[in-house]
Amino acid sequence: MFGAFRQSSILSGGLLWKTPWRLSPTRKANQRKRLKQVDSVISAVAQSGVTTRSLEKALALPMESEMNPRDKYTTFSKHHRGYRKSQHKVPKWTRLTLRENPKGF
């Protein structure tokens, strides 16, 4: 365990950067908070009177209160069983808009 014959990080656990297979309640709360913050920014920009194509696209997205829990925490993936995968498995998932999924999934 310790000393001259201790295991390396590769031998003791496999991948160095491990992600849990399930979102923790804290991470879920942070995701909801992030969605609410984005909703507040979109509504503030809309109230200011500015009209842009990106704002129209953002207003077409569902708000956090209108989304199912399944859509808040998972996203469509054609490669995974059940065609859903947890959002925290998506690279840079905190910066992406993952609110819309194909119909039926």
Side-chain angles (χ1 to χ4, degrees):
M1 188 168 186
F2 299 110
F5 301 106
R6 68 174 180 254
Q7 292 179 337
S8 67
S9 61
I10 294 169
L11 292 175
S12 64
L15 292 173
L16 189 58
W17 301 110
K18 296 183 181 176
T19 57
W21 66 278
R22 178 186 297 177
L23 277 174
S24 68
T26 308
R27 283 181 152 200
K28 283 184 177 183
N30 288 339
Q31 172 66 1
R32 288 190 303 273
K33 185 172 137 190
R34 222 179 278 115
L35 289 169
K36 288 175 187 173
Q37 287 175 343
V38 169
D39 289 341
S40 68
V41 168
I42 290 170
S43 64
V45 172
Q47 288 176 356
S48 70
V50 176
T51 55
T52 61
R53 197 174 325 143
S54 60
L55 180 61
E56 291 171 9
K57 283 172 126 179
L59 288 171
L61 292 172
M63 294 182 67
E64 186 269 338
S65 58
E66 301 168 353
M67 293 174 69
N68 295 334
R70 183 177 184 209
D71 291 334
K72 288 180 194 178
Y73 311 122
T74 62
T75 187
F76 174 77
S77 174
K78 66 180 181 180
H79 302 294
H80 284 75
R81 192 175 352 144
Y83 300 104
R84 302 291 282 192
K85 95 178 186 184
S86 189
Q87 281 188 348
H88 73 292
K89 300 285 188 181
V90 177
K92 299 189 171 117
W93 67 284
T94 57
R95 301 177 199 168
L96 298 175
T97 302
L98 301 170
R99 293 183 188 224
E100 286 188 328
N101 293 298
K103 297 212 182 208
F105 293 100

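- Taking hydrophobic clusters as Ile, Leu, Val, Met, Phe, Trp and Tyr residues chained together by side-chain heavy-atom distances below 4.5 Å, F105 does not share a cluster with L96.
- Across every non-hydrogen atom of L55 and A46, the tightest pair is CD2-CA, 4.0 Å.
- Across all their heavy atoms, R84 and F76 have their closest contact at NH1-N, 4.4 Å.
- Within 6.0 Å of atom OH in Y83, 12 or fewer heavy atoms from other residues, nucleotides or ligands are found, so the atom counts as exposed in its surroundings.
- Of the possible donor and acceptor atoms, one in the side chain of H88 sits under 3.5 Å from a partner among the backbone N and O of P20.
- Within the structure, every pair that satisfies the side-chain hydrogen bond (donor to acceptor under 3.5 Å, both in side chains) test and touches residues 59-70, not counting sequence neighbours, is listed here: E64-K72.
- Residues K85 and T75 are in side-chain contact: their nearest non-hydrogen atoms beyond the backbone lie under 4.5 Å apart.
- Cluster partners of M67, using a side-chain heavy-atom cutoff of under 4.5 Å among ILVMFWY residues and allowing indirect links, are L35.
- Between the side chains of Q31 and R34, at least one donor-acceptor pair of N or O atoms lies under 3.5 Å.
- Heavy-atom minimum distance, L61 versus T97: CD1-CG2, 3.5 Å.
- At a threshold of 4.5 Å between non-hydrogen side-chain atoms, the residues I42 and M63 do not count as touching.
- V38 and L98 are members of different hydrophobic clusters when ILVMFWY side chains are connected at heavy-atom separations under 4.5 Å.
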